[in-house]
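Scroll down for the structure; my scribbles are underneath it.
Note on naming: letters A, B, ... go to the chains in the order of the sequence lines (proteins, then strands), and numbering restarts at 1 for each one.
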Amino acid sequence: METLFNEGSNLAGAVDRAFIFIFAISFIFTIGITALMIYILIHFSRKRNKNPQQFSHNTKLEVIWTVIPILIVLVMFYYGWAGFAPMRKVPKDAMPITVIGRMWSWEFDYGNGKISKELVVPYNKNVKLNLVSVDVNHSLFIPAFRVKEDVIPGYKNYLWFRPIMKGTFDIYCTEYCGLAHSAMLAKAVVVDSLEFNKWLADLKVTGNLPEHPGLTIIKANACLTCHSMDGSRIIGPSFKGLFGRKTVVVTGSGEMEIEATADYIKKSIIDPNADVVKGFNKGLMQSYKEKITDADLDKIVDYFKTAGEIPIK
Amino acid sequence: MKNNENHVSSDSLNWTVLVILLILTTITILAIKIHLGAYTVALALILASIKVSIVLTYFMHLKFENMLLRLMVGGVFLLFAVVIAITFIDYYFR
Amino acid sequence: MSTTEHSEFIDSDTGKLGMWLFLFTELFLFGGLFIVYAVMRSKYAADFHQAALELNVFVGATNTVVLLVSSMTVAMSLTAIQQKRAGKAMGLLFITLLLAGVFMVNKYFEWGHKFGLHLYPGSDVMKSLPHGEIMFFGLYFMMTGLHALHVIIGGVLLTIVIFKIKSGKINAEHYLLQENGALYWHLVDLIWIFLFPLLYLVT
Amino acid sequence: MTNSSTSEPLNYLNHKTGLWSWLSSTDHKRIGLMYMYTITIFFCTAAILGLLMRIEKLTPGQTIMTAQTYNGMFTIHGIIMIFIVVIPGLAAVFGNFFLPIMIGAKDVAFPKLNLFSWYVFIAGAMLGLYSQFANGHSPDTGWTFYVPYSASASSNVVIALTAAFVLGFASILTGLNFIVTIHRMRAPGMTWFRMPLFPWSLYATAWIQLLATPIVGITLLMVIAERTLHIGFFDPALGGDPVLYQHLFWIYSHPAVYVMILPAMGVVTEIFPTFSQKPVFGYVPIVFSSLAIALVGYFVWGHHMFTSGISYESRWFFSFLTFLVAIPSAIKVFNWLSTMYGGSVDLKPPLLFAISFIFLFTIGGFTGLTLGSLATNIQLHNTDFVVAHFHYIIFGGMGFAFFAAIHYWFPKIYGRMYNFKWANISWGFLFVGFNLLYFPLFVMGIQGMPRRYFDYDPKFQTGEMLSTIGAFILIIGLIIMISNLVYGSRRGAIAPANPWHGVTLEWQIPSPPPHENFDEIPVITHEPYRFDHPYTK
Ligand code: HEA
Ligand code: HEA
Ligand code: CUA
Ligand SMILES: [Cu+2]
């Protein structure tokens with residue numbers, strides 16, 4: 001349940017004070033200026049005022065309207081800074097959670113191989129999020145908490161907060177990251193400490209499960225953002241029943257039907273735009289030539305071969 | 001419009017400038033050999049700046065140009081220095 | 001071009017101001033690379049140190065001297081034209097072009113050597129280096145490459161100047177183009193004065 | 001006056017005719033018009049893309065296009081609007097046309113270079129268009145080209161980058177030309193402080209163009225090198241630094257926003273005195289505030305990067321300076337109001353657009369302050385609030401100033417007059433449509449709606465819908481306005497040389513201006529905007 005202007009974290013109050021101050025000043029000035037303009041248009045209109053005055057200076061006035069705005073912006077700066085400073089001072093006892101951003105999904109790593117798709121956090125406890133990206137820039141944004149920080153490959157960015165409201169809140173990705181940027185969503189769930197501990201204990205350890213090495217590679221390369229395992233169509237064709245499947249592809253010379261052999265699958269990964277599956281767009285899938293070694297390619301093919309229909313969670 | 005009498009630099013002036021530049025170059029190379037640690041870069045840059053200002057004043061005739069142009073050149077270098085400095089407010093404190 | 005009768009003749013101060021402004025943009029063009037250099041160097045001081053050892057100080061120093069001398073010959077050639085000695089002016093510019101040639105040949109062998117060692121952007125050898133060294137060589141190629149491009153443009157400009165002196169279009173009264181060509185050439189020198197210590201001497 | 005054998009006196013429009021006489025003309029007035037026509041075409045193209053985006057956003061999920069198309073669309077919309085429409089915009093059109101006239105010169109300092117810049121501009125613009133349709137799909141990086149995405153995205157990013165590079169070059173050349181022109185070509189007696197304020201604003205602008213554009217040039221080259229040569233300055237896998245790219249990009253692109261707004265401020269500064277018949281209030285402060293904006297604007301780029309993980313110290317430093325650039329803008333606003341105060345104010349269409357400029361610019365400016373404040377920026381960065389901020393300030397500011405400028409100088413340019421009633425009507429649609437289009441975006445931004453989102457949460461639907469309706473109202477206004485102007489330029493009543501009783505030099509010569517502007521170079525005896533003293537001898 002989410003209303004529009006939740007103050008969901010300890011940081012929100014100060015941010016909102018900055019908002020209120022700046023907006024109040026803005027309203028006063030905008031309305032004042034507009035009113036003055038309308039007054040001038042009416043009172044000094046050519047009909048009423050045939051003889052324009054010819055003054056062009058007024059030092060006193062000019063000093064006033066320089067100094068007052070300076071004072072005002074200084075106060076604005078102060079409010080902004082005061083609301084922001086605590087965001088960079090992480091309390092020592094904050095619970096660390098690693099956030100992994102990739103095209104186009106979030107993962108929240110609680111350590112010991114416990115990875116969740118939702119950010120579940122205990123009520124009124126300090127939480128620190130360490131932000132890691134595996135591909136391009138992303139940005140983690142939880143409006144209700146008034147926190148946002150970019151997730152940049154090669155950088156160790158972080159943010160922290162203490163949730164002060166229970167419920168479920170939106171998480172957005174706010175740095176453009178390609179095709180499904182607007183679908184890179186998740187939820188932040190704030191629950192009681194007790195409930196949280198139970199949830200964490202129940203969380204399946206995905207990192208340690210014996211998993212087909214090919215599947216690990218597929219997951220690591222975020223193939224599943226475009227290819228589903230359950231037959232549904234996302235951006236690319238589903239992996240379900242891929243091996244040996246007959247598909248129509250569009251090549252340079254025209255359309256033809258081929259069978260998904262080991263070689264075809266490898267080629268599809270190394271040079272995806274050579275044979276494009278009919279009905280899908282060329283150029284979306286990028287070549288993985290540099291990213292996946294030959295040995296790994298074999299593992300992927302092997303996975304498709306042996307485990308055509310192994311469901312993943 | 002200002003009447004432009006262009007300055008003519010003599011060959012001997014040009015030679016003198018070249019010799020000074022070559023000496024400075026030698027100093028730079030030698031200075032690197034004595035290990036000054038972090039200061040090496042600073043020293044190299046200072047020497048390079050001196051050389052550059054000599055090229056600017058004599059070879060490029062700034063000395064004989066009007067004040068405005070000299071101010072512009074100075075301003076441009078200053079602006080660049082400030083931009084680098086501001087960038088380093090980020091990198092230095094990270 | 002009948003529309004420009006009134007402004008066919010650009011007076012010297014106007015033309016020179018234009019050239020200086022253009023040089024400012026060139027400075028900032030390289031300036032962008034210098035910013036990257038500064039940041040990367042502060043991040044990877046040790047790697048830069050290591051990588052710079054790969055560069056041959058002797059070649060770099062030679063090129064520095066070559067450019068400094070060429071800068072002087074250009075300046076002297078301007079003096080010559082002002083003193084109505086067109087022949088001397090052309091001779092000096094010719095020497096300048098020769099020096100530019102020497103510079104480029106040096107550069108060619110230097111780059112060739114790097115390529116021989118498979119030290120070029122994107123190569124496997126390059127990728128196996130530590131990050132800082134990759135950056136150093138990336139900057140090295142980008143900066144010296146862009147600089148070499150400027151040497152070539154400057155050379156072309158000076159060649160044009162030689163021809164114009166020959167045909168009498170540039171003379172003791174009208175030598176704006178030569179002045180501007182010289183300014184450009186000095187800029188090429190000026191940039192190299194910074195590049196040399198930053199790339200060759202940071203060891 | 002010119003010879004009397006022809007029915008119409010000779011002027012820059014009719015002294016030579018035919019397409020080639022335009023394409024090869026080094027006359028600053030013709031070049032200005034050529035910029036105007038090309039820019040208008042590009043503006044309409046990009047505006048239609050904007051409209052399509054709005055239609056897409058009418059409902060959540062897919063409405064009329066795929067995510068891929070949408071992403072390409074806001075990218076090219078942004079690239080065209082920023083690099084082709086607003087950065088050259090006022091300077092290249094009205095700067096070219098009126099700068100030489102206003103300082104009493106026959107042309108710019110380097111007329112051939114001026115024509116050359118136009119061709120460079122066209123080349124860049126064509127490349128930009130080509131990137132849309134070339135093999136593969138259109139670039140989808142946003143106009144900011146952030147790495148690493150732009151370094152790997154499998155689209156025609158390299159072409160788009162080259163286009164931006166080439167356009168930057170055109171912009172540099174124009175700036176260079178203007179600086180030299182102002183330094184060297186002012187009429188006798190026109191000291192710096194007797195120069196009108198539009199040239200002053202162009203002077204400040206030109207310095208930014210000159211000194212900031214090369215940085216983005218080299219940055220784009222680095223990205224190109226990264227893509228084609230795998231150099232890796234910005235690629236974290238090779239030790240590069242993606243945030244460094246953002247620094248370099250904004251070192252240019254923040255000053256670039258002042259390239260857009262300073263000439264706009266210059267335009268309205270011309271309009272207020274004329275329509276109040278009263279000297280401009282605080283000439284000297286206005287001059288120095290332009291210069292101050294240009295200078296300080298150079299040091300605030302980091303406010304686009306508050307969430308990118310830059311150091312704490314630089315965050316507050318940039319925020320602080322950001323607030324300081326607001327002061328010169330504030331001074332200008334108050335000066336404009338005082339210029340009108342006590343005058344004899346005539347609400348003709350140019351003034352109508354100029355006062356809407358103040359209104360919209362104030363809203364845009366204050367929301368800029370909201371973004372510049374650290375705490376609130378965290379909430380607002382990369383949300384629709386930012387989109388609304390810059391549309392208010394660019395379209396509402398620079399765009400409305402452009403409309404004001406064209407209505408103000410129209411009789412001078414064409415020697416004819418448009419219809420006032422239709423101009424006012426088009427203003428009505430534009431103003432209402434504009435606010436309806438962009439105001440909801442502020443609200444949604446505060447609520448957390450991110451920008452560059454193809455899809456959105458249904459809770460935002462009302463706002464998105466209102467906004468789309470606004471776009472339709474706006475388009476009606478634009479069509480009326482353009483039709484009125486086109487009609488006026490061909491059939492409108494013949495306009496006198498000085499319909500608004502202006503005092504600056506462009507009003508002292510016939511409409512349309514003769515080929516070489518002045519029969520005799522005027523001699524300036526006084527500061528401008530004095531309605532009780534003659535400006536020239
Ligand atoms: C013409 C273009 C233009 C102009 C002039 C401005 C002007 C300003 N801009 Fe804007 N801005 C953009 C175009 C522009 N901007 C664009 C395109 C973006 C988005 C880029 C992208 O990411 O795609 C952007 C983004 C942007 C951001 C980053 C947002 C984010 O992504 O997180 C910020 C943050 O500080 C900001 C601030 C400001 C400020 C403080 C001003 C100030 O100069 C405004 C000053 C004006 C006033 C203050 C109003 C007038 C004054 C008065 C009426 C007097 C009273 C005043 C006081 C009492 C103070 N802008
Ligand atoms: C000058 C700058 C400028 C202007 C004028 C506009 C004008 C418009 N923009 Fe602009 N916009 C940008 C600059 C500009 N934009 C930039 C820089 C971005 C950021 C891109 C990025 O994220 O990288 C952006 C992003 C942007 C977005 C955000 C995309 C997103 O983040 O998801 C949206 C969405 O609504 C939008 C919409 C519009 C609309 C509806 C108009 C309208 O105002 C247009 C009004 C005009 C019309 C509606 C049509 C006019 C047509 C005619 C007069 C011709 C008539 C022709 C026929 C009848 C055939 N723009
Ligand atoms: Cu991830 Cu946008
Ligand atoms: Cu900015």
Going through the distances and angles, do D:Asn71 and A:His181 end up as a side-chain contact (heavy atoms from CB on, under 4.5 Å)? CA-CA 9 Å; D:Asn71 294 346; A:His181 164 58; 5.7 Å; no
Which bit of [X] comes within less than 4.5 Å of chain A, counting heavy atoms only: side chain, backbone, both or neither?
{"X": "D:Ile355", "answer": "both"}
{"X": "D:Phe454", "answer": "both"}
{"X": "D:Leu337", "answer": "both"}
{"X": "D:Pro279", "answer": "both"}
{"X": "D:Thr66", "answer": "neither"}
{"X": "D:Gln246", "answer": "side chain"}
{"X": "D:Phe275", "answer": "backbone"}
{"X": "D:Asn335", "answer": "both"}
{"X": "D:Ser276", "answer": "backbone"}

Are [X] and [Y] side-chain neighbours, meaning at least one heavy-atom pair lies under 4.5 Å?
{"X": "A:Phe141", "Y": "D:Thr383", "value": "yes"}
{"X": "D:Asn382", "Y": "A:Glu175", "value": "yes"}
{"X": "D:Leu369", "Y": "A:Ser26", "value": "no"}
{"X": "D:Val280", "Y": "A:Ser56", "value": "no"}

Kindly indicate, with the supporting measurements, whether the criterion side-chain contact (heavy atoms from CB on, under 4.5 Å) is fulfilled by A:Phe19 and D:Leu380. CA-CA 11 Å; A:Phe19 263 124; D:Leu380 299 174; 3.7 Å; yes
Shortest non-hydrogen separation from [X] to [Y] and the atoms involved:
{"X": "A:Leu179", "Y": "D:Ala67", "value": "O-CB, 4.0 Å"}
{"X": "A:Pro69", "Y": "D:Phe334", "value": "CG-CE1, 4.0 Å"}
{"X": "D:Pro148", "Y": "A:Val136", "value": "CG-CA, 4.0 Å"}
{"X": "A:Ile33", "Y": "D:Val333", "value": "CD1-CG1, 4.0 Å"}
{"X": "A:Glu62", "Y": "D:Pro285", "value": "OE1-CG, 3.0 Å"}

Given 3.5 Å as the limit, does a donor-acceptor pair link the side chain of [X] with the main chain of [Y], or not?
{"X": "D:Asp455", "Y": "A:Ser182", "answer": "no"}
{"X": "A:Gln54", "Y": "D:Gln277", "answer": "yes"}
{"X": "A:Lys148", "Y": "D:His381", "answer": "yes"}
{"X": "D:Asp140", "Y": "A:Gly178", "answer": "no"}

Chain D interface, residue from [options] that has the most non-hydrogen pairs under 4.5 Å:
{"options": "A:Phe21, A:Phe77, A:Tyr79", "answer": "A:Phe77"}
{"options": "A:Gly154, A:Pro153, A:Gly83", "answer": "A:Pro153"}
{"options": "A:Lys156, A:Met103, A:Lys47, A:His57", "answer": "A:His57"}
{"options": "A:Asn58, A:Thr59, A:Val147", "answer": "A:Asn58"}
{"options": "A:Ser139, A:Ala180, A:Cys173", "answer": "A:Cys173"}
{"options": "A:Phe44, A:Phe23, A:Tyr39, A:Tyr172", "answer": "A:Phe44"}

For the residue pair [X] and [Y], does the interplanar ring angle fall in the parallel (under 30°), tilted (30 to 60°) or perpendicular (over 60°) class?
{"X": "D:Phe281", "Y": "A:Phe55", "value": "perpendicular"}
{"X": "A:Tyr176", "Y": "D:Phe74", "value": "perpendicular"}
{"X": "D:Trp316", "Y": "A:Trp81", "value": "tilted"}

State whether a side-chain donor-acceptor pair under 3.5 Å links D:Asp241 with A:Tyr155. yes
Side chains of A:Asn49 and D:Ser344: donor-acceptor distance under 3.5 Å anywhere? no
Stepwise, does the side-chain contact (heavy atoms from CB on, under 4.5 Å) test hold for D:Asp457 with A:Asp170? CA-CA 10 Å; D:Asp457 193 308; A:Asp170 288 327; 3.8 Å; yes
Neighbour count above 12 (heavy atom, 6.0 Å) for A:Arg17 CZ: no
Taking only residues two or more places apart in sequence or in another chain, which ones pass side chain to side chain contact (heavy atoms under 4.5 Å, CB included) with A:Arg88? A:Phe84, A:Glu149, A:Tyr158, D:Tyr312, D:Arg315
Taking side chain to side chain contact (heavy atoms under 4.5 Å, CB included) as the test, write out the residues that go with D:Leu324, two or more places apart. D:Phe320, D:Leu321
From A:Arg146 CZ over to D:Thr376 OG1, what is the distance, rounded to the nearest 0.5 angstrom? 11.0 Å
